[in-house]
Amino acid sequence: QKEVEQDPGPLSVPEGAIVSLNCTYSNSAFQYFMWYRQYSRKGPELLMYTYSSGNKEDGRFTAQVDKSSKYISLFIRDSQPSDSATYLCAMRVEGSNYKLTFGKGTLLTVNP
Amino acid sequence: GAVVSQHPSRVICKSGTSVKIECRSLDFQATTMFWYRQFPKQSLMLMATSNEGSKATYEQGVEKDKFLINHASLTLSTLTVTSAHPEDSSFYICSASRAGLGRETQYFGPGTRLLVL
């Protein structure tokens, strides 16, 4: 079993839809959870950063962490064509020298 | 804040030559930088972790003599692909860790696309 599992998609939705992206993980020591967005041929951009369990909202984006289920989610409300990208979940343990474990990434296309 | 740059953004070279890629943190000091390789439609693959002033730590299967890393200062790390071959063609991305602001994580550069002919 891989440490972090993420459905690679591709996921295609119409503009305005609510998008749900998910990752599961096996290492209960993970404490920090991140979502990155990567446009084609670009470096990943940090979208959301969460410590431990709970929800975090930033504009149209909401990140959820459920440590009891080892499950994290990213919700995108009112999706836009500009949201079309690959979304990578990432996580790390405390004191890991910031070394991240990534999911494979989910390719999202939002159709106008 | 948290801007990381890479240079060059794209490089084409002949087989057997060496290529140097620079990674700079522009508005913060990064004690740790990371180098990744990404093949088309694949996720990021960590190659090595680089700490300022010390030797890099390479991931299993990454040849340290082929991928030379120098982390000379708190804002600059370089990756040199020595004697590059076509199979080294890939997208190389660096990241820098930023601490002390409650968002201790990695910030990525825009990547360098290497094509070895």
Side-chain angles (χ1 to χ4, degrees), chain A residues 2-11 21 23 25 30-52 54 56 58 61 63 65 72 74 84-109, chain B residues 1-7 9-10 21 23-26 28 30-52 54 56-59 71 90-115:
Chain A
K2 289 188 177 179
E3 274 198 298
V4 179
E5 300 274 6
Q6 182 176 8
D7 186 342
L11 181 61
L21 304 167
C23 288
Y25 62 95
F30 285 134
Q31 292 273 41
Y32 299 87
F33 304 91
M34 285 131 279
W35 286 94
Y36 287 86
R37 177 175 61 194
Q38 185 177 23
Y39 291 112
S40 181
R41 299 174 179 262
K42 301 290 184 183
E45 167 196 10
L46 180 66
L47 266 183
M48 300 291 283
Y49 174 93
T50 309
Y51 172 70
S52 196
K56 187 171 185 179
D58 184 359
F61 299 91
V65 175
I72 69 170
L74 177 71
S84 299
T86 295
Y87 290 80
L88 298 147
C89 65
M91 45 200 81
R92 71 175 180 91
V93 302
E94 186 78 53
S96 60
N97 200 24
Y98 308 111
K99 183 176 178 179
L100 297 176
T101 302
F102 284 90
K104 278 192 169 183
T106 299
L107 177 60
L108 170 68
T109 301
Chain B
V3 178
V4 178
S5 71
Q6 268 182 255
H7 178 80
S9 58
R10 178 181 293 186
I21 302 169
C23 177
R24 293 182 184 270
S25 56
L26 297 184
F28 65 101
T31 53
T32 306
M33 288 185 171
F34 302 83
W35 286 96
Y36 294 84
R37 183 165 50 184
Q38 188 176 35
F39 292 105
K41 299 186 179 181
Q42 299 290 317
S43 190
L44 301 165
M45 186 185 81
L46 180 65
M47 298 175 67
T49 302
S50 167
N51 289 296
E52 185 264 340
S54 62
T57 302
Y58 289 82
E59 296 298 300
H71 195 155
S90 189
F91 192 47
Y92 291 86
I93 311 174
C94 73
S95 71
S97 62
R98 184 178 191 181
L101 295 178
R103 298 187 78 186
E104 294 83 1
T105 188
Q106 295 179 33
Y107 294 87
F108 287 84
T112 297
R113 191 160 300 280
L114 171 63
L115 176 60

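Sequence lines set the chain letters: A, B, ... in the order given, protein chains first and strands last, and positions in each chain run from 1.
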Any side-chain heavy-atom pair of A:P44 and B:Q106 under 4.5 Å:
no
Does any backbone or side-chain atom of A:Y39 lie under 4.5 Å from a heavy atom of chain B? Answer side chain, backbone, both or neither.
neither
Looking at B:F108, B:Y107, B:Y36, which one forms a ring pair (Phe, Tyr, Trp, His ring centres under 6.0 Å) with A:Y36?
B:F108
Contacting region of A:Q38 [heavy-atom separation from chain B under 4.5 Å]
side chain
Pick whichever of B:S95, B:P110, B:C94, B:S9 has the most heavy-atom pairs under 4.5 Å with chain A.
B:P110
Decide whether a cation-pi geometry holds between B:R113 and B:F91; the criteria are a distance under 6.0 Å from NZ or CZ to the six-membered ring centre and an angle within 45° of the ring axis.
yes
Considering all heavy atoms of both residues, which atom of A:K99 and which atom of B:E59 are nearest to each other, and what is their separation?
NZ-OE2, 3.1 Å
Please state whether the side chain, the backbone, both or neither of B:Q6 comes within less than 4.5 Å of a heavy atom of chain A.
neither
